[in-house]
Amino acid sequence: MNTDLSWVLNDVLEVRGARHAVLVSGDGLLLQRSDEISRDDAETNAAAMSSMQSLSRAVAGFVGAGHGIWKQTLLEYDGGWIFLIAAGQGAYLAVSAALDVDMEAMSFRMQKTVAALSKAMSVAPRSDNGVGA
């Protein structure tokens with residue numbers, strides 16, 4: 001299996017205004033980063049994004065009983081946006097973008113990226129279940 005998934009993360013950066021993307025584990029480890037962010041910056045942000053998804057899940061019930069399943073966190077800053085979504089079991093995708101990013105296009109591309117990551121990280125089942133004939 002190819003463990004270099006930067007090509008998948010770089011795809012999300014095709015949205016006009018997108019800046020950086022990181023794939024993060026639930027415990028804050030950097031799993032992958034897009035090409036334009038340094039390893040040090042990506043690791044720092046990976047830890048922060050892990051905390052952010054944890055906080056977002058913790059307050060999910062605030063939207064109302066039975067409606068508190070976390071889907072996405074969106075943060076706005078003077079200089080841009082951060083989008084954070086689940087990217088499979090125990091993994092999260094975070095993307096930073098400029099203020100003028102097309103938010104719908106970014107959300108759509110992130111969902112496509114998560115689907116591509118899922119396919120890239122999966123292993124096809126063996127057809128003979130390991131039993132020789």
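Residues take their numbers from the sequence shown, with the count starting at 1. For clarity, every value in this text was computed on a predicted model and none was experimentally measured.
Both Leu74 and Val95 belong to a single network of hydrophobic side chains, linked directly or stepwise wherever heavy atoms of I, L, V, M, F, W or Y lie under 4.5 Å apart. Ile82 and Leu31 fall into different hydrophobic clusters, where Ile, Leu, Val, Met, Phe, Trp and Tyr side chains are chained together by heavy-atom contacts under 4.5 Å. Leu55 and Val63 sit in two unconnected hydrophobic clusters of ILVMFWY residues. Membership requires side-chain heavy atoms under 4.5 Å apart, directly or through other members. Note on Val114: it clusters hydrophobically with Met103, by side-chain heavy-atom contacts below 4.5 Å among ILVMFWY residues. Both Met110 and Leu23 belong to a single network of hydrophobic side chains, linked directly or stepwise wherever heavy atoms of I, L, V, M, F, W or Y lie under 4.5 Å apart.
Side-chain N/O atoms of Ser38 and Asp40 include no donor and acceptor closer than 3.5 Å.
Note that CD of Gln111 is 7.5 Å distant from CD of Gln72, once rounded to the nearest 0.5 Å. Separating the CG atom in Leu75 from the CH2 atom in Trp81 is a distance of 9.5 Å, to the nearest 0.5 Å. If you take CD1 on Ile85 and OG on Ser107, they are separated by 7.5 Å, rounding to the nearest 0.5 Å. Atom CD in Glu76 sits 8.5 Å away from atom CG in Asp78 (nearest 0.5 Å).
No salt bridge links Asp102 with Arg16; every basic N to acidic carboxylate O contact stays at or beyond 4.0 Å.
For the pair Val12 and Met106, the minimum side-chain heavy-atom distance is below 4.5 Å. Inter-residue side-chain proximity for Arg19 and Leu13 is flagged as unmet; no heavy-atom pair is nearer than 4.5 Å. No side-chain heavy atom of Leu93 sits under 4.5 Å from any side-chain heavy atom of Leu84. Tyr92 is not listed as a side-chain neighbour of Met49, based on a closest heavy-atom distance of 4.5 Å or more.
In this structure, the side chain of Ser56 engages the main chain of Met52 through a donor-acceptor pair within 3.5 Å. Between the side chain of Asn10 and the main chain of Asp35, a donor-acceptor pair closer than 3.5 Å is present. Checked by atom type and distance alone, the side chain of Ser34 never pairs as donor or acceptor with a backbone atom of Leu9 at under 3.5 Å. A distance-only check finds a donor-acceptor pair linking the side chain of Arg109 to the backbone of Asp11 [under 3.5 Å].
Across all their heavy atoms, Val15 and Ala105 have their closest contact at CG2-O, 4.0 Å.
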Please report the C-alpha distance between Asp41 and Arg33 in whole Å, then the side-chain angles of each, then the deciding distance to 0.1 Å, and finally whether the salt bridge (charged side-chain N to carboxylate O under 4.0 Å, His left out) criterion is met. CA-CA 10 Å; Asp41 286 346; Arg33 63 188 168 95; over 6 Å; no
